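Just so you know, these numbers come straight off a predicted model, no measurement behind them.
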Amino acid sequence: MKDFILLFRQAGNEQPLLNDEEIAKINQKWQDWIAGIEAQGKLSDHGSRLEKAGKVLKPGGVITDGPFVEIRESLGGFIVISAENLEEATTLAHGCPILEANGSVEIRALFV
């Protein structure tokens, strides 16, 4: 088994205003999807959601506000899963709720 990180990205300009009921439905989809991976014994780390605000440090000590200024997509969070290979990790990424919101999941093996 090898550990893979699933990075959740979403276009910065595609985050609609949602009411409480819509937010609850989306949160439930995330919980169900992650619980499905966990039920298979494949969840290594729940990871974290990330705040939108931040800083970017560039060569020469240049600091800019938030990553959203630098890229079209924002990194919203991550989880770490265990899989036999990249293909299995990619299969586990299917069904991620971020895909329904025109987002993407980046799947990368972790160096050990």
Side-chain angles (χ1 to χ4, degrees):
M1 270 311 176
K2 191 171 190 175
D3 281 339
F4 292 83
I5 189 168
L6 303 184
L7 300 162
F8 310 120
R9 299 184 183 276
Q10 184 159 15
N13 60 356
E14 294 187 21
Q15 297 178 8
L17 296 175
L18 303 173
N19 63 41
D20 290 343
E21 183 179 328
E22 293 168 321
I23 291 170
K25 285 181 183 178
I26 290 170
N27 287 340
Q28 188 61 54
K29 285 181 181 183
W30 277 96
Q31 290 172 8
D32 292 346
W33 176 68
I34 291 172
I37 293 172
E38 190 169 28
Q40 297 175 58
K42 303 286 184 175
L43 186 66
S44 296
D45 186 335
H46 278 90
S48 292
R49 290 180 62 188
L50 302 174
E51 297 266 339
K52 291 181 183 179
K55 300 283 185 186
V56 176
L57 176 61
K58 296 181 178 184
V62 176
I63 300 171
T64 60
D65 286 331
F68 48 85
V69 173
E70 307 298 322
I71 58 175
R72 289 186 198 183
E73 292 182 321
S74 61
L75 180 60
F78 68 93
I79 62 173
V80 179
I81 61 169
S82 294
E84 291 295 328
N85 52 42
L86 183 58
E87 289 74 26
E88 182 184 14
T90 303
T91 298
L92 291 169
H94 280 78
C96 178
I98 198 80
L99 300 170
E100 295 176 23
N102 203 29
S104 63
V105 180
E106 182 176 340
I107 304 132
R108 306 272 301 270
L110 297 177
F111 274 109
V112 281

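In this structure, CG in Leu43 is found 5.5 Å from CD1 in Ile79, a value given to the nearest 0.5 Å. Taking CD1 of Ile81 as the start and CD1 of Ile107 as the end, the distance is 7.5 Å to the nearest 0.5 Å. Put simply, CG on Leu92 and CD1 on Ile34 are 12.0 Å apart, with the number rounded to the nearest 0.5 Å.
Annotation: salt bridge (charged side-chain N to carboxylate O under 4.0 Å, His left out) contacts of Arg108 (sequence neighbours excluded): Glu106. Partners of Gln28 under the side chain to side chain contact (heavy atoms under 4.5 Å, CB included) rule, at least two apart in sequence or in another chain, are Gln31, Asp32. Partners of Phe8 according to the ring pair (Phe, Tyr, Trp, His ring centres under 6.0 Å) rule, which considers only residues two or more places apart in sequence or in another chain, are Trp30, Trp33. Every residue meeting the side chain to side chain contact (heavy atoms under 4.5 Å, CB included) condition with Leu99, not counting sequence neighbours, appears here in chain and number order: Cys96, Val105. For Asn19, the side chain to side chain contact (heavy atoms under 4.5 Å, CB included) criterion is met by Glu21, Glu22, not counting sequence neighbours. Not counting sequence neighbours, Ala24 has no partner by the side chain to side chain contact (heavy atoms under 4.5 Å, CB included) test. The salt bridge (charged side-chain N to carboxylate O under 4.0 Å, His left out) search around Lys29 returns Glu100, not counting sequence neighbours.
Clustering ILVMFWY residues whenever any of their side-chain heavy atoms sit less than 4.5 angstrom apart, transitively, puts Val80 in a cluster other than the one holding Met1.
Applying the ring-ring contact (aromatic ring centres under 6.0 Å, His included) rule to pairs touching residues 78-112 yields nothing, sequence neighbours excluded. Sorted by first and then second residue, the pairs that involve residues 78-88 and meet side-chain hydrogen bond (donor to acceptor under 3.5 Å, both in side chains), not counting sequence neighbours, are Asp3-Ser82, Lys42-Glu88, Ser44-Ser82.
Closest heavy-atom contact between Ile98 and Arg9: CG1-O, 3.5 Å. In terms of heavy atoms, Ala83 sits closest to Phe4 at O-CE1, 3.7 Å.
Hydrophobic clustering, defined by side-chain heavy atoms of Ile, Leu, Val, Met, Phe, Trp and Tyr closer than 4.5 Å, groups Leu57 together with Ile63.
No donor-acceptor pair under 3.5 Å is formed between the side chain of Gln10 and the backbone N or O of Gly76.
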